[in-house]
Trainee: 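Take a look at this one; I'll ask things after.
Because the structure is predicted, anything quoted here is derived from the model rather than measured. We're numbering straight along the sequence, starting at 1.
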Amino acid sequence: MYSKCGDVWSAKQVFDEMPERDVFSWNSMMSAYVCNGLPQRAVEVFRVMKRDGCECALDVVTWNTLMDAYCRMGMCCEAWRAFGEIEVPNVISWTILISGYASVGRHDVSLGIFRKMMNVGMVSPDVDALSGVLVSCRSLGALASGMEVHGYGLKIMCGDVFYRSAGAALVTLYAGCGRLDRADIVFRRMDKSDAVTWNAMILSLIDVGLGDLALECFRKMQERGVRIDGTTVSTILPVCDLRCGKEMHAYVRKCCLSSVILVNNALVHMYSVRGCIAYAFAVFSTMVAKDLVSWNTIIGGACKTLNQAKQLHTYILQTTSHRNPFFVTKLIQIYADFNDLRSALALLQQLSHPNVFAFTSILSFYSKHGYPHQCIQTYAKLRQNGVVPDGYVFPKVLKACAQLSCLGTGTVVYKDVIVLGAESNLQVRNSVLDMYSKCGDVWSAKQVFDEMPERDVFSWNSMMSAYVCNGLPQRAVEVFRVMKRDGCECALDVVTWNTLMDAYCRMGMCCEAWRAFGEIEVPNVISWTILISGYASVGRHDVSLGIFRKMMNVGMVSPDVDALSGVLVSCRSLGALASGMEVHGYGLKIMCGDVFYRSAGAALVTLYAGCGRLDRADIVFRRMDKSDAVTWNAMILSLIDVGLGDLALECFRKMQERGVRIDGTTVSTILPVCDLRCGKEMHAYVRKCCLSSVILVNNALVHMYSVRGCIAYAFAVFSTMVAKDLVSWNTIIGGFGTHGLGQTALKLLQEMSDSGVRPDLVTFSCVLSACSHSGLVDEGIKLFYRMTKDLGLTPVREHFSCVVDMLARAGRLEEAFDFINQMPQEPDKHVWGALLAACQEHQNVSVGKVAAEKLISLEPQEAGHYVTLSNIYSRAGRWDDAAIVRRRMQGHALPKPSGHSLNHTHSFNSLLRACKTLNQAKQLHTYILQTTSHRNPFFVTKLIQIYADFNDLRSALALLQQLSHPNVFAFTSILSFYSKHGYPHQCIQTYAKLRQNGVVPDGYVFPKVLKACAQLSCLGTGTVVYKDVIVLGAESNLQVRNSVLDMYSKCGDVWSAKQVFDEMPERDVFSWNSMMSAYVCNGLPQRAVEVFRVMKRDGCECALDVVTWNTLMDAYCRMGMCCEAWRAFGEIEVPNVISWTILISGYASVGRHDVSLGIFRKMMNVGMVSPDVDALSGVLVSCRSLGALASGMEVHGYGLKIMCGDVFYRSAGAALVTLYAGCGRLDRADIVFRRMDKSDAVTWNAMILSLIDVGLGDLALECFRKMQERGVRIDGTTVSTILPVCDLRCGKEMHAYVRKCCLSSVILVNNALVHMYSVRGCIAYAFAVFSTMVAKDLVSWNTIIGGFGTHGLGQTALKLLQEMSDSGVRPDLVTFSCVLSACSHSGLVDEGIKLFYRMTKDLGLTPVREHFSCVVDMLARAGRLEEAFDFINQMPQEPDKHVWGALLAACQEHQNVSVGKVAAEKLISLEPQEAGHYVTLSNIYSRAGRWDDAAIVRRRMQGHALPKPSGHSLVGIGS
């Protein structure tokens, strides 16, 4: 009903509240969405239906509805797939497909489906199917096919029936195909009394341009007396001239059609296009109801030029409409469309409350004309005005952010998208994806792409482009394959293929790019350009030039300036000056010289300079725009290429003098020719020009400092880089390798992998070289084989040379020789040279001889090889062989090369690594102090690390003080010591000192500091550290991310933990466990279970470990679902003691203490693990609850047996005291208490709680005072435990003590104070405490609400409930018990009833007996006894004595005998021995004058020998 009446949201509400659903329910809900213009929601319902396991219930109606939804969304391919799932499609199935494809303009497919339907022969088409295919025949001009359908329709059904339904379609077909004679024949067969017939004929005549005949037809229609409707008038009006239109207007008034919106819209349009704006506006003004078409017609129809818009504006100003925001908004839109921004902004200023449409018009102007800054500023103004942006605003603003690469602003806008629910809009999603892509945040783009419920070709292209533009072409190819696999092959356009080609070219796979090029039907100029540049990038310049020539020969497209620039690069590399000059001439021929030189000038300068024609390069340079940095960059690069570095620097200075804006390319080009002084000046200039965020510049700085010997400066620059690419990592790794810091290079390689950057061949060249220079042979060998096995990289000669050098330096010459012999390619001079040099050092004559002979054969004119071999022979005492080598060298007339010496520092490094004890480290430290090496920061840092590893903190700190500029490695060693030995305060202090010294922390520092913040629950400090993580670009490190997640979790900020978790590009099992633990520890176990399910769904099932299962069990136990916890326990291969302990505590927490005790016994019998003190404490709680003193004493004895007494009593003492006190053995409780640590508050808390439990409140207070006398630190648990037994005076003293001890911020204490004041009658004091609470939990709200309720202040309780909801705290069953009780005591009956139903409807809470009792009491107190009685009868559970008791007491007060009798009888049946029920019923009868009935009740009571309860009186103060 709701669905067919158009109230889809009420239908949704009914659907959601259904306890069970059949296939009709699902179909109705889907149909509701489809019929009410929400097909996307229908598809979502279908997916939920399948996910909930209802797949077997899908029937043909379900599939038909789904197909209809897809067709309305324009996704006919999906509709076709759904059609394929139907076992026996019916006629509706076929009709939906035919109409669907027709609706998206695929009329050929629509006609094909009809033919297939006829061929299959399973069903006969009905009149709807025939009408649908006739529409397609009309659009295709397929007259013959249409006539076949016509004939078939007459064959299968009565002519009158057929013409009545399909006649309009036939008339349209024949008229549209130029066969008016046939259209007239059909028209004559149709029912002439029906307006639809005439409308079809009129419309057909208008469609074929016969407006006069259409008017004639309209007059005949009038003559025949056919009733003219709104459709007829709106159809005929567009062909009326002004006179005829006015006559039609008069006719409309006469026929009382002036209230029809369709007619009025047509009149407004007719007057507008005829130039009568005043008439159009008059009609519009008299319209009672206006729709969107009405407004658009009056505004859009009347304004075809800017002048008309201004006339309309003038006319509007003469009426009151100038105050109408709609008109002002539409005028803004028109002015913006006509590029009159000044008028548009002036009108925007006039709006007191500008709406989103006004801002959208301004944004459209800025977006269209390329003003991204103004676009973002307008968006900011929109938000300041409180306007809610929509799906038309976001794409324009996100486009502006992409143009400016404003990632921060773009992210803020995306948050608005999510908050305002616009992320379901495909265009908005695509804009977000494009923004992240162009801002370089490819992982956020990937996340947006993965979360898209549907994608179009723009989505796929954007994702591919994001990967390509951000250096991940492999991922782009994977996206393309997924796109094809998902059946989107038909959507591939030229942009898709171009992006794929670009990806292949960037991967060096130009053959694959060529194949992709062959798939494009009509390649555009970009396609050719990508191929030209691609082959050039891999050094195949001859092919690149050939492709350009082929492009010219084909002649399909003309090359643009990018294609010309690409081929000029190839000409430069080939030295093909003549070809380059041809291209130069062609460029000047097809475009303006200034345009050509602006874009291709750089390539021309490079070409001429590279070919030695600096004169021509200078001529081109002079023709180029000197205000453009590209011009200067080209000249500087050309000078550097030909070895004129000084001239390049001079050119750079001239560039500065001219005031040309220096960009990142300029700096990165000039830095390689700078010496150290010049490089530092350039670094300062980079900071001044705000280029520090440009990756290209930072990479150049890192390289410059590395090659100039300043590796510390290089690493400082690298560490401050927010974004790092492959080149960044390769440069810094290579730098550390060159400086002999192999271990650091290996750590950086691991960080690189963790950050998601895939190493390439250059990376491994750098790392292998580092291992070689640092003596890390085994590590280097493993890396060499890993690059092939794990990453699929094919080593080149450089890698083999590094491995040979590595083995040779380590003296493993035989291995090196065998390795060379196994090389898949011929060794070059570098390989044999490395081996020969090592043979000389290690005096290996046999291998050295082979290496030397190989080198001499490769370079017979190189004298150094002869000399080296001669020296090897001489040092081995083989003088004759040495003389022979010398004579061979003299025979070739080769001069002896001059000698040189090297000072190696790696000997100290080797000694440092060899330190195995603290004594050895101190001896080496003494030795280093005797040399100049003690001033070397590297050696000092290594010593700090060694001292910290040997736990000699004093020596490590002393060395740290000596460093004038301590580096991150030194601080990392100190932090590692503090973290390892549990000194969180010192850890945080050291981090602060690190930051004060300007040291940049890395991925090894952050986990230690964040762990310390978690241990101390320092959320503020942890958040500051996390900001450093983000600023310094360390958030890509998985270990750092996990540490942040763990810190937020342990500090109680679960939502920040969730945000960190969601933003993690990759997760390991620790990440999942931390997120689950965060939810469990912060009272959200349901969320933990959801995380576990997502973890399994994402295929991480193999990563589940015992910690995962334990966390899941803990979540289930906290939810009271111990059976589920038991099932999870069964999944653990080898449960540990924590697993057992969780089960024991879990069952105890839900009152199943017998099961808890049984699990403990089973644990003991299994014998796989020994129970720890937590397990023993848990089972002691169960023994206490069961009164199982004997079992408890057994556990007590077992605990003393397996562990030291002091240790056992320190942890399990509280549980023992509670056990013995609860079982009445205070003597034993006292013995245990004496054995416990009296300096610990837990000991005293246990004793106090035990005394209160057995009703000895005075002794508990006495115990508390002794605790104070002993100076034991009182904590929140102590105060909250003792407060319930305090009277008001004692409670106030305790309150003062709380303030004195600074416990006012503890929620537990405040809750206890609020409760104490409430029950002692001081509600004002209670509310004062509550109001001062900085943080409030669920218990806080429940306590204060209950307090106000008890005091009869129901209105206040209701206000507090609203405040509670507004603050984000979700009410529970206890909350509603308190509020309902408050309403009952305050007479707020209607409010209470609403609340009762709200708790079920809005919050999904199931009421218990207490809530029903409150409602009954509420109604009964108000005298609404019949309602109360009906409410009791409708209760889903059996009413108890409290419910009937409340009703009976009210019946006595309000003298309702009939209801009172029933209530009393129910109570007597529940409690037959309770005399009070008889007495109450007897009193009701007596007060009603029914003395006989009263006497009968008295006799019944006497018959049961029940004594009349004694009376009592209360003296009320102030009553």
Trainee: Can you name the salt bridge (charged side-chain N to carboxylate O under 4.0 Å, His left out) partners of D881, sequence neighbours left out?
Mentor: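 Only R878 meet the salt bridge (charged side-chain N to carboxylate O under 4.0 Å, His left out) criterion with D881.
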
Trainee: Sequence neighbours excluded, which residues qualify as side chain to side chain contact (heavy atoms under 4.5 Å, CB included) partners of Q750?
Mentor: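 Applying side chain to side chain contact (heavy atoms under 4.5 Å, CB included) to Q750 gives D754.
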
Trainee: Working to the nearest 0.5 Å, report the span between OG of S973 and CG of L953.
Mentor: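 Going from the OG atom of S973 to the CG atom of L953 covers 11.0 Å.
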
Trainee: Does atom CZ of F969 have more than 12 heavy-atom neighbours from other groups under 6.0 Å away?
Mentor: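 Enclosed: over 12 neighbouring heavy atoms sit under 6.0 Å from CZ of F969.
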
Trainee: Identify, with sequence neighbours excluded, every residue that meets side chain to side chain donor-acceptor pair (under 3.5 Å) alongside Y705.
Mentor: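 Counting only residues at least two positions away or on another chain, Y705 forms a side chain to side chain donor-acceptor pair (under 3.5 Å) with H683.
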
Trainee: To the nearest 0.5 Å, tell me how far F1070 CZ sits from S1043 OG.
Mentor: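 OG of S1043 is found 6.5 Å from CZ of F1070.
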
Trainee: Does K724, at its NZ atom, have more than 12 non-hydrogen atoms belonging to other residues, nucleotides or ligands within less than 6.0 Å?
Mentor: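 For K724, atom NZ is crowded (more than 12 foreign heavy atoms under 6.0 Å).
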
Trainee: side-chain contact (heavy atoms from CB on, under 4.5 Å) for Y991 and F971? Distances and angles first, verdict last.
Mentor: CA-CA 8 Å; Y991 179 76; F971 278 108; over 6 Å; no

Trainee: Sequence neighbours excluded, which residues qualify as side chain to side chain donor-acceptor pair (under 3.5 Å) partners of S870?
Mentor: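 With sequence neighbours excluded, S870 shows a side chain to side chain donor-acceptor pair (under 3.5 Å) to R886, given in chain and number order.
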
Trainee: Does A808 offer a backbone N or O that forms a donor-acceptor pair with the side chain of D805 under 3.5 Å?
Mentor: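 No, D805 side chain to A808 backbone: no donor-acceptor pair under 3.5 Å.
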
Trainee: Y947 and F977: aromatic ring centres closer than 6.0 Å?
Mentor: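 No: the rings miss the under 6.0 Å criterion.
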
Trainee: With a 4.5 Å cut-off on side-chain heavy atoms, are M1095 and L1104 touching?
Mentor: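 Yes, close enough: below the 4.5 Å cut-off.
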
Trainee: Could you tell me if the side chain of V1106 sits less than 4.5 Å from the side chain of V1134, heavy atoms only?
Mentor: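 Side-chain contact under 4.5 Å: no.
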
Trainee: Considering non-hydrogen atoms only, spot the tightest contact between W832 and A851 and give its length.
Mentor: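 What the structure gives for the nearest pair is CE3-CA, 3.7 Å.
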
Trainee: Report the residues that fulfil side chain to side chain donor-acceptor pair (under 3.5 Å) with E814, sequence neighbours left out, ordered by chain and then residue number.
Mentor: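 By the side chain to side chain donor-acceptor pair (under 3.5 Å) rule, E814 matches no residue at all.
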
Trainee: If we only count heavy atoms from C-beta on, is the D1002 to S719 side-chain gap below 4.5 Å?
Mentor: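 Answer no - side chains too far apart.
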
Trainee: Can you pull out every salt bridge (Lys or Arg N to Asp or Glu O under 4.0 Å) where at least one residue sits in residues 502-511? Sequence neighbours excluded, please.
Mentor: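 Counting only pairs at least two positions apart or across chains, the salt bridge (Lys or Arg N to Asp or Glu O under 4.0 Å) contacts touching residues 502-511 are D502-R506.
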
Trainee: For G534, does its backbone N or O pair with a side-chain atom of S537 as donor and acceptor, under 3.5 Å?
Mentor: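 Yes: the side chain of S537 pairs with the backbone of G534.
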
Trainee: To check you understand the geometry: which heavy-atom pair defines the closest contact between I872 and G848, and what is its length?
Mentor: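 Of all heavy-atom pairs spanning I872 and G848, the closest is CD1-CA, 4.3 Å.
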
Trainee: Only one of S769, C771, S772 forms a side chain to side chain contact (heavy atoms under 4.5 Å, CB included) with C802, so which one is it?
Mentor: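 Of S769, C771, S772, side chain to side chain contact (heavy atoms under 4.5 Å, CB included) with C802 is met by S769 alone.
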
Trainee: Indicate yes or no for a side-chain donor-acceptor contact from S955 to the backbone of D952 under 3.5 Å, with no hydrogens or angles considered.
Mentor: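 No, S955 side chain to D952 backbone: no donor-acceptor pair under 3.5 Å.
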
Trainee: Evaluate D760 against N730 for side-chain contact (heavy atoms from CB on, under 4.5 Å), listing each step before the verdict.
Mentor: CA-CA 9 Å; D760 65 352; N730 288 347; 3.2 Å; yes

Trainee: Can you measure from CG (L813) to CG (L835) and round to the nearest 0.5 angstrom?
Mentor: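 L813 CG to L835 CG: 6.5 Å, rounded to 0.5 Å.
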
Trainee: Would you give the length of the straight line joining atom CD of E751 to atom CH2 of W729, rounded to the nearest 0.5 angstrom?
Mentor: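 Going from CD on E751 over to CH2 on W729, the span is 5.0 Å.
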
Trainee: Mind checking the SG-CG spacing from C710 to L676? Nearest 0.5 Å is all I need.
Mentor: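 The CG atom of L676 is 4.5 Å from SG of C710, to the nearest 0.5 Å.
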
Trainee: Quick one, P795 and F800 - any side-chain contact, counting heavy atoms below 4.5 Å?
Mentor: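 Counting from C-beta outward, P795 and F800 do come under 4.5 Å.
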
Trainee: Going by the rule side chain to side chain contact (heavy atoms under 4.5 Å, CB included), which residues pair with K747 if we only count those two or more places apart in sequence or in a different chain?
Mentor: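 Here the qualifying residues are Y1004.
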
Trainee: Before giving the answer on side-chain hydrogen bond (donor to acceptor under 3.5 Å, both in side chains), spell out for D1068 and S1071 the whole-Å C-alpha distance, their side-chain angles and the decisive distance to 0.1 Å.
Mentor: CA-CA 5 Å; D1068 58 8; S1071 316; 2.7 Å; yes

Trainee: Short question: side chain of N470, backbone of A466 - any donor-acceptor pair under 3.5 Å?
Mentor: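 At least one qualifying donor-acceptor pair exists.
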
Trainee: We want to know whether N1073 and D1105 form a side-chain donor-acceptor pair, criterion being a heavy-atom distance below 3.5 angstrom.
Mentor: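 Present: a donor and an acceptor within the cut-off.
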
Trainee: Hey, is CD on Q840 packed in by over 12 heavy atoms from elsewhere, all under 6.0 Å?
Mentor: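 Buried by this count: over 12 neighbours within 6.0 Å.
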
Trainee: Assess whether side-chain contact (heavy atoms from CB on, under 4.5 Å) is satisfied between R1041 and F1061, documenting all intermediate values.
Mentor: CA-CA 8 Å; R1041 282 267 194 179; F1061 180 78; over 6 Å; no

Trainee: Using salt bridge (charged side-chain N to carboxylate O under 4.0 Å, His left out) as the criterion, list what pairs up with E512, not counting sequence neighbours.
Mentor: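 With sequence neighbours excluded, E512 shows a salt bridge (charged side-chain N to carboxylate O under 4.0 Å, His left out) to R515, given in chain and number order.
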
Trainee: Minimum heavy-atom separation for C839 to V847, with atom names?
Mentor: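 C839 and V847 have their closest heavy atoms at SG-CG1, 3.6 Å.
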
Trainee: Among V850, L836, V831, exactly one meets side chain to side chain contact (heavy atoms under 4.5 Å, CB included) together with L855. Which residue is that?
Mentor: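 Answer after filtering V850, L836, V831: L836.
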
Trainee: What residues form a side chain to side chain donor-acceptor pair (under 3.5 Å) with N698, not counting sequence neighbours?
Mentor: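 Listed in chain order: nothing, the list is empty.
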
Trainee: Show the nearest heavy-atom pair for residues L696 and S668, with the distance to one decimal.
Mentor: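 Where L696 meets S668 most closely, the heavy atoms are CD2-OG, 3.3 Å.
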
Trainee: I'd like to check H799 versus F784 (side-chain heavy atoms, cut-off strictly below 4.5 Å). Are they in contact?
Mentor: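 Yes, their side chains come closer than 4.5 Å.
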
Trainee: Is the shortest heavy-atom distance from the side chain of S706 to the side chain of I711 under 4.5 Å?
Mentor: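 They are in contact (side-chain heavy atoms under 4.5 Å apart), so the answer is yes.
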
Trainee: What closest approach, in Å, do G742 and L776 show between heavy atoms, and which atom pair accounts for it?
Mentor: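 That would be C-CD1, 3.5 Å.
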
Trainee: Under the salt bridge (Lys or Arg N to Asp or Glu O under 4.0 Å) definition, can you give me all pairs with a residue in residues 767-783, not counting sequence neighbours?
Mentor: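 Listed once each, the pairs are D778-R812.
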
Trainee: For residues 474-481, run the donor-acceptor check on the side chains, cut-off 3.5 Å, and write out each pair with its distance to 0.1 Å, sequence neighbours left out.
Mentor:
none

Trainee: Below 4.5 Å, heavy atoms only, C-beta onward: do V1000 and L994 meet side chain to side chain?
Mentor: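 Counting from C-beta outward, V1000 and L994 never come under 4.5 Å.
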
Trainee: Drop me the distance from F718's CZ to H703's NE2, to the nearest 0.5 angstrom.
Mentor: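 Output value for this atom pair is 15.0 Å.
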
Trainee: What heavy-atom pair brings L960 and P966 nearest, and what distance separates the two atoms?
Mentor: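 Minimum heavy-atom separation between L960 and P966: CD1-CB, 3.9 Å.
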
Trainee: Determine whether I733 and M752 satisfy the following criterion, side-chain contact (heavy atoms from CB on, under 4.5 Å), listing intermediate values before the conclusion.
Mentor: CA-CA 10 Å; I733 289 171; M752 177 184 181; 4.1 Å; yes

Trainee: F715 and F736: aromatic ring centres closer than 6.0 Å?
Mentor: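 Ring centroids of F715 and F736 are less than 6.0 Å from each other.
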
Trainee: Side chains of V767 and L746: closer than 4.5 Å at any heavy-atom pair?
Mentor: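 Side-chain contact under 4.5 Å: yes.
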
Trainee: Would you please say whether a donor-acceptor pair under 3.5 Å links the side chains of D725 and S728?
Mentor: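 Side chains of D725 and S728: pair found under 3.5 Å.
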
Trainee: Taking only residues two or more places apart in sequence, or in another chain, which ones meet D949 in a salt bridge (charged side-chain N to carboxylate O under 4.0 Å, His left out)?
Mentor: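 Salt bridge (charged side-chain N to carboxylate O under 4.0 Å, His left out) check on D949 returns nothing, list empty.
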
